[in-house]
Structure formats: structure tokens, C-alpha cells
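See below for the structure under consideration.
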Amino acid sequence: MRARFPDFRLGSVLATSFTGTLSERHGDAVERIPTPHRLVDWLTVNGLAVDSCTTAQLDLARELRESIHAAATAAANQEDLPASAVHVINDRSAQGRAAAILTPEGKRQWRLSSASCVEDALGVIAADAISIIAGERDGKLALCASPTCQAAFFDTSQSRSRKWCDMNTCGNRQKKARFHANQRKKPRSAE
């Protein structure tokens, strides 16, 4: 029987979705890529299919994830980017050999140098992180308002005032907590 892993939290921005593979960072952390096979699954879901992944490659991926999170958090807070995070992001970007290709349907797809090159996939993720942290895309980096989450996300809403990394998880949880707190405050009617 195969182990049950937490579902992936998918978003429309590759780099911040990747940082979401570790959620609830300030609460009971949830690791969504605990094994090399789960990283293969995540990459496949995000259009970066690889055949295999080693434990060392999983370690590289987690190092990149934490570096993107640190740099995105600093950027969202308008602070200096951590030099070590910038170094890791730049190294992963430079080491990847993926090429953007155009599909017949007019979509961009990534071609990795080999079917098992996790480093190429990490290079694509690092390049995506660079584009959002550098401010090259329309949107802004923000941090989730959930005190246990505080994930960095890329806000592309028209007003740029989104509060939650994901309305279906953090936003919903906060709304439920507010509702229950208000229910407890209301006096009970006579029965």
C-alpha cells in the first residue's frame, strides 16, 4: 500500500507554488515533498516531468525552495534580499539547461535536457523566481495573513490587496475561525 501524502497546493505562479510545498511554516509544518518520488510528482503536475530523482536532488530542491521563500519574503517586506538565498537561486538558474518551446497550440512548454534532469527543472523554477522577485511581471509579492502560514505569494489581483496565499485553505480557515468566534460572543436566545 502506498503512503498517503498531503495534496499539493497549486497556484498559477511556478516559484511561489514551489515554496508552497512546505506549508504552515509557523505552525505545524506540512512537508508536501517528503520523498524524491513526491518531487517527481510535483514537477510532473507543473509541466516539468522527470523520470527520477535522487535524495541529493531532493536536497537541492528543498534548498532552492527555502532560498526562494527567504528572498520572496524579504522582497514582500521591502527588505534586502539575503545574499545566501540569492546565491542559491542564481546557481540553480545557471545550472539548468531547459529550453522554452512553443507547442502547436501556442503554449510555452519546457524541454529538459534529459528525462531525469531534476537540475533542469530546478533551473526553470529559479528563473521564474528571479522574474517575480526582480519585479519583471505584473503583480506584487505579498505574505499570507495567516499567522501560522505567512507564505509568500504573487498577487495578481486587480487591487493587489489579496490577503491569503490560498482562499481555499488559509482564507477559509481564517473565515471559519472568525465566524466561530462571533458565534461564541452572541448571547444564547432563550429556548
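What you see below is based on every heavy atom in this structure, not just the backbone, and it leaves out hydrogens, waters and symmetry mates.
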(message) Applying a strict under-4.5 Å side-chain criterion to I, L, V, M, F, W and Y, I'd like to know whether Val86 and Leu60 cluster together.
(response) yes

(message) Is there a continuous path of hydrophobic side-chain contacts, each under 4.5 Å between heavy atoms, that joins Val124 to Ile130?
(response) yes

(message) To check you understand the geometry: which heavy-atom pair defines the closest contact between Ala152 and Leu143, and what is its length?
(response) CA-CD2, 3.7 Å

(message) Would the distance check show the side chain of Glu66 and the main-chain N or O of Glu63 forming a donor-acceptor pair, the cut-off being under 3.5 Å?
(response) no

(request) Give, for atom CD1 of Ile125 and atom OG1 of Thr19, the distance between the pair rounded to the nearest 0.5 Å. (result) 10.5 Å

(request) List for me each residue that meets side-chain contact (heavy atoms from CB on, under 4.5 Å) alongside Arg162, sequence neighbours excluded, and say none if there are none. (result) Phe153, Asp155, Ser157

Tabulate below the donor-acceptor pairs under 3.5 Å that side-chain atoms of residues 72-85 make, not counting sequence neighbours, or state none.
{"residue": "Thr73", "atom": "OG1", "partner": "His69", "partner atom": "O", "Å": "2.7"}
{"residue": "Asn77", "atom": "ND2", "partner": "Thr73", "partner atom": "O", "Å": "3.3"}

(message) Quiz question: by atom type and distance under 3.5 Å, do the side chains of Thr103 and Gln109 form a donor-acceptor pair?
(response) no

(request) From the options Glu31, Arg32, Arg65, Arg38, select the one residue that forms a side chain to side chain donor-acceptor pair (under 3.5 Å) with Thr21. (result) Arg65

(request) Rounded to the nearest 0.5 Å, what's the gap from CD on Gln57 to OG on Ser52? Could you check? (result) 6.5 Å

(request) Answer with yes or no whether the hydrophobic clustering places Val45 together with Leu22; edges join I, L, V, M, F, W, Y residues whose side-chain heavy atoms lie under 4.5 Å apart. (result) no

(message) Donor-acceptor pair, distance only, cut-off 3.5 Å: does the side chain of Arg92 make one with the backbone of Ala61?
(response) no

(message) Between Ser17 and Val13 (side chain of the first, backbone of the second, donor and acceptor by atom type, cut-off under 3.5 Å), is there such a pair?
(response) yes

(message) Could you measure the distance from the CG atom of Leu102 to the NZ atom of Lys107? Nearest 0.5 Å is fine.
(response) 10.5 Å

(message) Looking at every heavy atom in both Ala126 and Leu64, which two are closest together, and how far apart are they?
(response) CB-CD1, 4.1 Å

(request) Of all the heavy-atom pairs spanning Ala15 and Ile132, show the shortest one and how long it is. (result) CB-CD1, 4.2 Å

(request) May I have all residue pairs that pass salt bridge (charged side-chain N to carboxylate O under 4.0 Å, His left out) and include part of residues 138-153, sequence neighbours excluded? (result) Asp138-Arg160

(message) Please identify which of these residues, Arg25, His26, Glu24, meets the side chain to side chain donor-acceptor pair (under 3.5 Å) condition with Thr148.
(response) Glu24

(message) Quick check: closest heavy atoms across Leu58 and Cys53, and the distance to 0.1 Å?
(response) N-SG, 3.8 Å

(message) Show, in sequence, the C-alpha distance, side-chain angles and deciding distance for Phe18 and Leu122, and conclude whether the side-chain contact (heavy atoms from CB on, under 4.5 Å) test is met.
(response) CA-CA 10 Å; Phe18 187 57; Leu122 297 179; 4.3 Å; yes

(request) Let me know which of Asp120, Ile33, Leu112, Leu48 forms a side-chain contact (heavy atoms from CB on, under 4.5 Å) with Leu43. (result) Leu48

(message) Please check this pair: side chain of Asn46 against backbone of Trp42, looking for a donor-acceptor N/O pair closer than 3.5 Å.
(response) yes

(message) With rounding to the nearest 0.5 angstrom, report the OG1 to CZ distance, Thr16 to Phe154.
(response) 8.0 Å

